[in-house]
Number of protein chains: 2
Amino acid sequence: MRRARMTRTEDVRRQVLDEILDGTLAPGAQLPNEDALADRFQVSRATVREALRSLIAANYLTRRHGHGTFVSHAPMTRHALDATVSYTAMIREAGFEPSERVLSKESRAATDDEAERLDLSNGDGVVAVERVRLADRRPVVASIDRIPAALLSDEAMQRLDASLYVLLDWVGTPVRFATARLAPVLATDRLAKLLEVPRKSPLMQIEQVDLTADGRPVMLSSEWHVPDAFELLVNRRAPDDGSTEQ
Amino acid sequence: MRRARMTRTEDVRRQVLDEILDGTLAPGAQLPNEDALADRFQVSRATVREALRSLIAANYLTRRHGHGTFVSHAPMTRHALDATVSYTAMIREAGFEPSERVLSKESRAATDDEAERLDLSNGDGVVAVERVRLADRRPVVASIDRIPAALLSDEAMQRLDASLYVLLDWVGTPVRFATARLAPVLATDRLAKLLEVPRKSPLMQIEQVDLTADGRPVMLSSEWHVPDAFELLVNRRAPDDGSTEQ
DNA sequence: GAGTGGTCTAGACCACCGT
DNA sequence: CGGTGGTCTAGACCACTCC
């Protein structure tokens with residue numbers, strides 16, 4: 001019954017979030033000031049500010065200097081493209097049951113483009129997995145994922161059927177970031193057949209490089225998405241802080 | 001020559017960032033520990049942590065509990081879709097000179113869909129501006145933007161030729177967030193003509209709701225982008241903190 | 001065990017907002 | 001002006017990682 005670790009900050013965050021979610025704090029409502037919250041939760045003001053920080057980052061709250069802290073009218077969309085890197089989670093969020101079909105697995109030398117984007121030397125090997133993702137048995141995404149062979153032990157190679165994100169976590173290089181390039185393309189004959197859509201129908205192509213926490217590329221993904229299978233959303237925010245550069 | 005306000009936090013952030021950018025702190029390098037930095041910059045450790053916080057958020061740095069703070073190998077891409085809402089900035093970033101052609105401006109009642117997404121009542125008015133954005137005179141984006149008429153004074157209506165973001169700022173409802181839905185579509189005859197591309201060629205459609213800091217919708221945009229005009233990038237990050245919800 | 005980042009406190013003063 | 005959030009300090013102790 002015991003929760004793992006619960007810092008005071010998490011505790012305060014949790015309680016404030018609960019009040020937002022259950023409507024005690026309605027959208028537009030002003031929170032008590034930080035001294036009052038510190039007093040109420042029996043913590044220091046610094047702890048209150050730390051707790052509110054993450055709620056503000058997720059756009060649950062808005063602070064206005066010299067005025068107060070207020071409940072926002074719309075939180076960030078979770079499972080948007082920017083907020084997650086998990087495809088399975090996005091499919092599930094859309095209300096479908098995710099599954100997949102592996103088309104091929106191979107170990108080969110990286111192409112020049114792959115070597116460049118994965119920061120590999122000439123001749124280094126990659127493991128490539130080609131799959132079709134299904135949502136309730138309907139094909140929704142075709143993909144080719146490439147991982148540097150150097151990252152995978154023989155033992156890891158046996159686990160290629162599992163989630164590649166889980167695999168990368170398992171070998172000690174968990175994915176924390178990714179940069180995705182999105183482009184509309186027409187379905188080739190092969191993609192049309194795989195995804196069961198008409199030839200030359202529009203598809204969303206996503207070229208993605210997955211990175212560890214310190215920015216090292218560990219996977220290169222090429223994906224083709226059937227439109228309308230589920231929404232591709234992006235949370236955008238205007239720059240505010242840290243705009244030190246041009 | 002004097003910069004406006006310079007807090008100690010900004011000062012520390014600036015100095016550390018400078019060392020990262022000029023290579024004094026190379027990718028992978030470990031920073032001095034927080035006590036050492038506090039001593040060196042003659043500030044408290046809390047101030048050091050605050051300064052490092054934004055550099056970590058931008059992925060310039062990585063912290064590993066019990067180990068140290070390190071320079072990342074790749075910062076977040078600026079001018080990616082998630083990191084800005086300014087189109088002009090994105091076009092300029094791609095190395096082109098942005099301009100635009102206004103196709104129409106009208107004041108009319110909101111459609112049901114517009115009323116729903118802009119949180120308006122039945123019969124409320126909107127001001128709609130239809131434009132084509134050019135990059136070095138080449139058409140790259142066609143768009144229709146709709147703003148609730150109630151937000152715009154007569155005086156503001158005279159400024160519809162300026163950036164709509166600047167206009168919304170001017171009337172006191174600056175855009176801070178947006179939620180965009182991306183989908184690949186085929187060019188209709190009209191869009192093909194406007195964007196000077198073949199009929200039925202692939203376009204990126206972006207449906208976007210722009211929000212103020214407290215989450216109120218203030219503009220609805222429909223855009224159609226020519227692929228390859230410039231890259232549409234999205235920075236993605238795996239969830240780590242505040243994952244309190246499902 | 002030594003060294004690092006993570007959490008937390010109590011208090012101070014500053015900057016901004018509204019009236 | 002009073003009230004709010006913004007910045008900052010000096011110090012304490014905890015939790016994690018590596019040797």
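This is a predicted model, so every value here is computed, not measured. Heavy-atom basis, side chains included; hydrogens, waters and symmetry copies ignored.
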Discussion item. Among residues 165-174 of chain B, which ones have heavy-atom contacts with DNA chain D below 4.0 Å?
Written reply: none

Worksheet item: In whole Å, what is the span from the CZ atom of A:R13 to the C1' atom of C:dC8?
Response: 19 Å

Worksheet entry | A:H67: partners by ring pair (Phe, Tyr, Trp, His ring centres under 6.0 Å), with sequence neighbours left out | A:F70

Worksheet item: Is any side-chain N or O of B:T9 closer than 4.0 Å to OP1 or OP2 of D:dC8?
Response: yes

Item to complete: To the nearest Å, give me how far apart CZ (A:R53) and P (D:dG5) are.
Response: 14 Å

Worksheet item: CG of B:L61 versus C1' of C:dG5: gap in Å, rounded?
Response: 13 Å

Worksheet item: Under 4.0 Å: is that the gap between some side-chain N or O of A:R49 and OP1 or OP2 of D:dG6?
Response: yes

Discussion item. Nearest to the A:Q30 side chain among D:dT9, D:dT4, C:dC8, which nucleotide is it?
Written reply: D:dT4

Worksheet entry | Spacing between B:M6 atom CE and C:dC14 atom P, to the nearest angstrom | 20 Å

Tabulate atom names and distances for all N/O pairs under 3.5 angstrom spanning the protein and nucleotides 10-13 of chain D.
{"unit_1": "D:dA12", "atom_1": "N6", "unit_2": "B:R45", "atom_2": "NH1", "d": "3.4"}

Discussion item. If only side-chain N and O atoms count, and only distance matters, is there a donor-acceptor pair under 3.5 Å linking A:T212 with A:R176?
Written reply: no

Worksheet item: Taking only residues two or more places apart in sequence, or in another chain, which ones meet A:F177 in a ring pair (Phe, Tyr, Trp, His ring centres under 6.0 Å)?
Response: none

Worksheet, complete the sentence: note: B:E34, atom CD; D:dT9, atom P; distance rounded to Å ~ 14 Å

Response to the item:
Between A:V48 and B:G68, whichever has its closest DNA chain C nucleotide further toward 5' is B:G68

Practice prompt. Could you tell me whether the side chain of B:L25 reaches within less than 4.5 Å of the side chain of B:L31, counting heavy atoms only?
Written response: yes

Practice prompt. Enumerate the residue pairs fulfilling salt bridge (Lys or Arg N to Asp or Glu O under 4.0 Å) with a member in residues 54-66 of chain B, sequence neighbours excluded, ordered by first and then second residue.
Written response: B:E34-B:R63

Fill in: All side chain to side chain donor-acceptor pair (under 3.5 Å) counterparts of A:N122, not counting sequence neighbours
none

Worksheet, complete the sentence: Residue set satisfying salt bridge (Lys or Arg N to Asp or Glu O under 4.0 Å) with A:E155, at least two apart, ordered chain then number -> none

Item to complete: Can you sort out the partners of B:E106 under side-chain contact (heavy atoms from CB on, under 4.5 Å), two or more places apart, ordered by chain and number?
Response: B:R108, B:A128

Discussion item. Tell me the interatomic distance from B:N33, atom CG, to C:dA2, atom P, rounded to whole angstroms.
Written reply: 16 Å

Worksheet item: In chain order, what residues pass the side chain to side chain donor-acceptor pair (under 3.5 Å) check against B:D113, with sequence neighbours excluded?
Response: B:R117

Worksheet item: With a 4.0 Å cut-off, would you call A:E50 and B:R49 a salt bridge?
Response: no

Worksheet item: Within the pair A:T69 and D:dT4, is there a side-chain N or O less than 4.0 Å away from OP1 or OP2?
Response: no

Discussion item. Tell me every residue that passes side chain to side chain donor-acceptor pair (under 3.5 Å) with A:E116, counting only those two or more places apart in sequence or in another chain.
Written reply: none

Discussion item. What is the separation between atom CD on A:E50 and atom C1' on C:dC8, rounded to the nearest whole Å?
Written reply: 10 Å

Are there any protein N/O atoms within less than 3.5 Å of an N/O atom in nucleotides 17-19 of chain D, and if so, which ones and at what distance?
{"unit_1": "D:dT17", "atom_1": "O4'", "unit_2": "B:G66", "atom_2": "O", "d": "3.3"}

Worksheet entry | Sequence-distant partners of B:E100, side-chain contact (heavy atoms from CB on, under 4.5 Å), two or more places apart | B:V102, B:R131, B:R133

Worksheet item: In whole angstroms, how far is the C1' atom of C:dT4 from the CD1 atom of B:I56?
Response: 13 Å

